[in-house]
Amino acid sequence: SEMSKDLMPGPYPRTPEERAAAAKKYNMRVEDYEPYPDDGFGFGDYPKLPDKSVHERDPWYQWDQPDVRHNWGEPMHWDFDMYIRNRVDTSPTPVPWHTMRKHFLVFLSTMLIMFGLGGIYPSYRPVGPKQYPFNDLYLERGGDPNKEPPVVTHYEI
Amino acid sequence: MAAGPPRTAAEAYRPNRFVSLPAELDPATYDASPEKRRAEAERLAIRARLKRQYQLQLNNPNPPAIIEDPALVRWAYARTQNVYPTFRPTPKTSFLGALFAIGPILFWIAVFKADRDRKEKLIQEGKYKRPFSLF
């Protein structure tokens, strides 16, 4: 666009002067400015802002862009599009995260183990062979109506 | 074994990458030292300067067609065009590159080969039931 090269992100700052210039470029205080570590991952001099989602920003302040709670010129997080209000939410939870994880894993593992055991060792109510009425459906099975049907008893006394 | 000093609520909460510490448990909220206030004042000065610039453009009788946000432009530039110039092959990046680029290819080669070999073995032994297909 029309912005000059020195207003755009550049390589990792090595000297304190470069750091100060980068902080000024990104509209941050020099003490607040912290670039991503120089691991060769391609971040350059972009500031490493705290990983907090847009949910945590004050909903009652008059932001310039209220839907994303962002002011004009304020440095945006690298993963800004992940942290919008429709997506990842890092706001504090009433229950600590490790407690929630523990409860969920306990429940999930209990259910999985019980379902697994139930599949390996199934247990059903006892059943017997099916019993048909009318002398074992003698007429329906094509028995002679003139003959006496054989008496079928399914019980023993 | 004697228990150590009782854990603070902030330590018991254990904030991590997915969830942040509530402001009520953070000792920094209750810190009203002059250094913190000077830092807040400097941040407010920067914020006010940016607000003023934006409001001047917004309330201009002849407003520009688009009020371009330099922070947004820098964000987009950093994520697209500034990655290749600042990329450097290091052991970590090379390893991750191989893992995500070549790993899946080798994995699926192995899976398909194993599946085909198993089917071929069954066919040779005569145990494979050909599926009936209408197409």
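This is a predicted model, so every value here is computed, not measured. The chains referred to below are lettered A, B, ... by the order of the sequence lines, with proteins before strands, and numbering in each begins at 1.
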(message) With a 4.5 angstrom heavy-atom cut-off, is it the side chain or the backbone of B:Gln55 that approaches chain A, or both, or neither?
(response) side chain
(request) Drop me the distance from B:Arg47's CZ to A:Glu74's CD, to the nearest 0.5 angstrom. (result) 8.0 Å
(request) Determine whether more than 12 heavy atoms belonging to other residues, nucleotides or ligands lie under 6.0 Å from atom CZ of B:Arg37. (result) no
(message) Could you check whether any side-chain heavy atom of A:Met3 comes within less than 4.5 Å of a side-chain heavy atom of B:Glu68, counting everything from C-beta outward?
(response) yes
(message) Is there a continuous path of hydrophobic side-chain contacts, each under 4.5 Å between heavy atoms, that joins B:Leu72 to A:Val54?
(response) yes
(message) For the CD atom on B:Glu125, are there more than 12 heavy atoms of other groups (residues, nucleotides or ligands in this structure) within a distance under 6.0 Å?
(response) yes
(message) If you count every heavy atom of other residues, nucleotides or ligands that lies below 6.0 Å from B:Tyr30 atom OH, does the total exceed 12?
(response) yes
(request) Decide whether A:Tyr132 and A:Phe134 are clustered together by the hydrophobic rule: side chain heavy atoms of Ile, Leu, Val, Met, Phe, Trp, Tyr closer than 4.5 Å, transitively. (result) yes
(message) Test your reading of the model: is there a side-chain donor-acceptor pair from A:His98 to the backbone of B:Ala12, 3.5 Å cut-off?
(response) yes
(request) Could you tell me which non-hydrogen atom of A:Pro92 sits nearest to which non-hydrogen atom of B:Ser20, and how far apart they are? (result) CB-O, 3.3 Å
(request) For B:Tyr13 and A:Thr93, indicate whether the former's side chain and the latter's backbone hold a donor-acceptor pair under 3.5 Å. (result) yes
(request) Report yes or no: do A:Ile120 and A:Leu112 belong to one cluster of Ile/Leu/Val/Met/Phe/Trp/Tyr joined by side chain heavy-atom distances under 4.5 Å? (result) no
(request) Quick one: which of A:Asp45, A:Leu7, A:Val88 has the most heavy-atom pairs under 4.5 Å with chain B, could you say? (result) A:Leu7
(message) Tell me whether A:Val95 shares a hydrophobic cluster with B:Val19, the cluster being built from Ile, Leu, Val, Met, Phe, Trp, Tyr side chains joined at under 4.5 Å.
(response) yes
(message) Keeping A:Trp97 on the side-chain end and B:Phe18 on the backbone end, is there a donor-acceptor pair under 3.5 Å?
(response) no
(request) Select, from A:Asn71, A:Asp64, A:Asp51, the one with the greatest count of heavy-atom pairs under 4.5 Å involving chain B. (result) A:Asp64
(message) Looking at every heavy atom in both B:Ala78 and A:Trp78, which two are closest together, and how far apart are they?
(response) O-CH2, 3.5 Å
(message) For B:Arg49, is the CZ atom crowded, meaning more than 12 foreign heavy atoms sit under 6.0 Å from it?
(response) yes
(message) Other residues, nucleotides and ligands only: do more than 12 of their heavy atoms fall within 6.0 Å of CZ on B:Arg14?
(response) no
(message) Less than 4.5 Å to any heavy atom of chain B: does that hold for the side chain of A:Phe43, its backbone, both, or neither?
(response) backbone
(request) Under the side chain to side chain contact (heavy atoms under 4.5 Å, CB included) rule, what do B:Lys92 and A:Phe41 come out as? Steps first, then yes or no, please. (result) CA-CA 9 Å; B:Lys92 194 168 164 196; A:Phe41 271 90; 3.9 Å; yes
(message) One pair to check against side chain to side chain contact (heavy atoms under 4.5 Å, CB included): B:Ile46 and A:Lys24. What are the steps and the verdict?
(response) CA-CA 10 Å; B:Ile46 294 176; A:Lys24 188 160 183 306; over 6 Å; no
(message) Is it true that, when you exclude A:Tyr61 itself, more than 12 heavy atoms of the residues, nucleotides or ligands shown sit nearer than 6.0 Å to its OH?
(response) yes
(message) Go through it in stages, so that I can follow the logic: the residues are B:Asp69 and A:His70, the test is side chain to side chain contact (heavy atoms under 4.5 Å, CB included), and I'd like the CA-CA distance, side-chain angles, deciding distance and then a yes or no.
(response) CA-CA 11 Å; B:Asp69 182 2; A:His70 174 255; 3.2 Å; yes
(message) If I measure from the heavy atoms of chain A, does B:Glu24 come under 4.5 Å with its side chain, its backbone, both, or neither?
(response) neither
(request) Could you go through the side chain to side chain contact (heavy atoms under 4.5 Å, CB included) check for A:Met8 and B:Asn82 one step at a time? (result) CA-CA 9 Å; A:Met8 288 298 192; B:Asn82 202 31; over 6 Å; no
(request) Work out which heavy atom in A:Phe80 is nearest to a heavy atom in B:Trp75; give both atom names and the distance. (result) CB-NE1, 3.9 Å
(message) Can you tell me which portion of B:Asn16 sits under 4.5 Å from chain A's heavy atoms? Options are side chain, backbone, both or neither.
(response) side chain
(request) Name the region of A:Asp32, side chain, backbone, both or neither, that has any atom closer than 4.5 Å to a heavy atom of chain B. (result) side chain
(message) Same cluster or not: A:Leu49 versus A:Trp63, using hydrophobic residues (I, L, V, M, F, W, Y) connected whenever any side-chain heavy atoms lie under 4.5 Å apart?
(response) no
(request) Answer with side chain, backbone, both or neither: which region of A:Ser91 has an atom nearer than 4.5 Å to a non-hydrogen atom of chain B? (result) backbone
(request) Grab the two heavy atoms, one from B:Phe87 and one from A:Gly40, that are nearest each other, plus how far apart they are. (result) CD1-O, 3.0 Å
(request) Start with the C-alpha gap between B:Arg88 and A:Asp38, add the side-chain angles, then the distance that decides, and say whether salt bridge (Lys or Arg N to Asp or Glu O under 4.0 Å) holds. (result) CA-CA 9 Å; B:Arg88 209 177 63 235; A:Asp38 190 20; 3.1 Å; yes
(request) Kindly check if the number of other-residue, nucleotide or ligand heavy atoms within 6.0 Å of CZ (B:Arg116) is above 12? (result) no
(request) Identify which part of B:Pro85 has an atom lying under 4.5 Å from any heavy atom of chain A, answering side chain, backbone, both or neither. (result) neither
(message) Can you tell me how far apart CZ (B:Arg79) and CE (A:Met76) are? Round to the nearest 0.5 Å.
(response) 9.5 Å
(request) Take atom CD of A:Glu148 as the centre, draw a 6.0 Å sphere, and report whether it contains more than 12 heavy atoms from other residues, nucleotides or ligands. (result) no
(request) Let me know if B:Leu96 has heavy atoms under 4.5 Å from chain A in its side chain, its backbone, both or neither. (result) side chain
(message) For B:Tyr54 and A:Trp72, take the angle between the two ring planes, folded into 0 to 90°, and tell me which bin it lands in: parallel under 30, tilted 30 to 60, perpendicular over 60.
(response) parallel
(request) Measure the shortest side-chain to side-chain distance between A:Asn27 and B:Arg74 over non-hydrogen atoms and say whether it is less than 4.5 angstrom. (result) yes
